[in-house]
Amino acid sequence: NYFEIINPWLSPEILNLADDILRIGHSDYMDCLIMATAKFHNSILISEDKEFDDLISKLDWGLEVINWVSFIRKHKI
């Protein structure tokens, strides 16, 4: 399976990671949840948001962020 539906509101670990992102300056909590969920599950974050690149470098998480075109090419969808 390529996709799994995850409810981050039910995971204290994901919520803590999202709070860390919020503390370093990102103002959109839903974005924080998306990024924290990707980190928690060691997944790829698919985003067109360039601001995520800066956040990831501040967090030093080693999270892979790619855009949709790269994802589709990589996975031959």
Side-chain angles (χ1 to χ4, degrees):
N1 287 345
Y2 282 111
F3 305 99
E4 179 181 352
I5 304 298
I6 298 165
N7 185 346
W9 297 107
L10 302 178
S11 171
E13 295 90 352
I14 293 174
L15 293 173
N16 286 335
L17 290 170
D19 289 345
D20 290 344
I21 300 165
L22 193 65
R23 277 191 285 280
I24 65 166
H26 195 67
S27 60
D28 185 331
Y29 199 71
M30 292 306 292
D31 282 352
C32 295
L33 282 173
I34 292 166
M35 188 181 295
T37 300
K39 170 59 180 166
F40 182 76
H41 290 280
N42 294 315
S43 298
I44 298 169
L45 177 63
I46 303 169
S47 175
E48 303 294 332
D49 191 341
K50 297 297 180 196
E51 188 176 349
F52 280 169
D53 292 335
D54 293 336
L55 287 171
I56 294 210
S57 64
K58 288 179 185 177
L59 293 167
D60 193 30
W61 279 356
L63 184 64
E64 182 181 0
V65 180
I66 62 175
N67 62 34
W68 279 108
V69 172
S70 297
F71 179 80
I72 290 168
R73 284 184 187 145
K74 182 177 182 176
H75 296 281
K76 298 177 177 76
I77 297 175

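Note that this is a predicted model, so its numbers are computed, not measured.
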Report task. Could you please spell out the steps behind the side chain to side chain contact (heavy atoms under 4.5 Å, CB included) verdict for Met35 and Leu59? Result -> CA-CA 11 Å; Met35 188 181 295; Leu59 293 167; 4.1 Å; yes

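- Contact record, Ala36 with Ile14: CB-O, 3.5 Å, taken as the closest heavy-atom pair.
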Requested in this report: Test side chain to side chain contact (heavy atoms under 4.5 Å, CB included) on His75 and Ile44 and set out the steps.
Outcome: CA-CA 12 Å; His75 296 281; Ile44 298 169; 4.1 Å; yes

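- Put simply, CG on Asp31 and OG on Ser47 are 7.0 Å apart, with the number rounded to the nearest 0.5 Å.
- The heavy-atom pair separating Cys32 from Ala18 by the smallest distance is CB-O, 3.6 Å.
- Criterion: ILVMFWY side-chain heavy atoms under 4.5 Å apart, direct or through other members. Under it, Met30 and Leu10 are not part of a common hydrophobic cluster.
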Query raised in the report: Could you go step by step and tell me if Tyr29 and Ile34 meet the side chain to side chain contact (heavy atoms under 4.5 Å, CB included) rule?
Result: CA-CA 9 Å; Tyr29 199 71; Ile34 292 166; over 6 Å; no

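- Transitive grouping of hydrophobic side chains (ILVMFWY, heavy atoms separated by less than 4.5 Å) brings Leu17 and Trp9 into a common cluster.
- Looking at residues two or more places apart in sequence or on another chain, you find no side-chain hydrogen bond (donor to acceptor under 3.5 Å, both in side chains) involving Asn16.
- Here the CD1-CZ distance, from Ile66 to Phe71, works out to 6.0 Å after rounding to the nearest 0.5 Å.
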Requested in this report: Please report the C-alpha distance between Leu33 and Leu15 in whole Å, then the side-chain angles of each, then the deciding distance to 0.1 Å, and finally whether the side chain to side chain contact (heavy atoms under 4.5 Å, CB included) criterion is met.
Outcome: CA-CA 7 Å; Leu33 282 173; Leu15 293 173; 3.7 Å; yes

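- Legend: salt bridge (Lys or Arg N to Asp or Glu O under 4.0 Å) pairs involving residues 6-30, not counting sequence neighbours, sorted by first then second residue: Asp20-Arg23.
- In this structure, Glu64 pairs ionically with Lys74, as a charged nitrogen and a carboxylate oxygen lie closer than 4.0 Å.
- Qualifying side-chain hydrogen bond (donor to acceptor under 3.5 Å, both in side chains) partners for Ser70, counting only residues two or more places apart in sequence or in other chains: Asn67.
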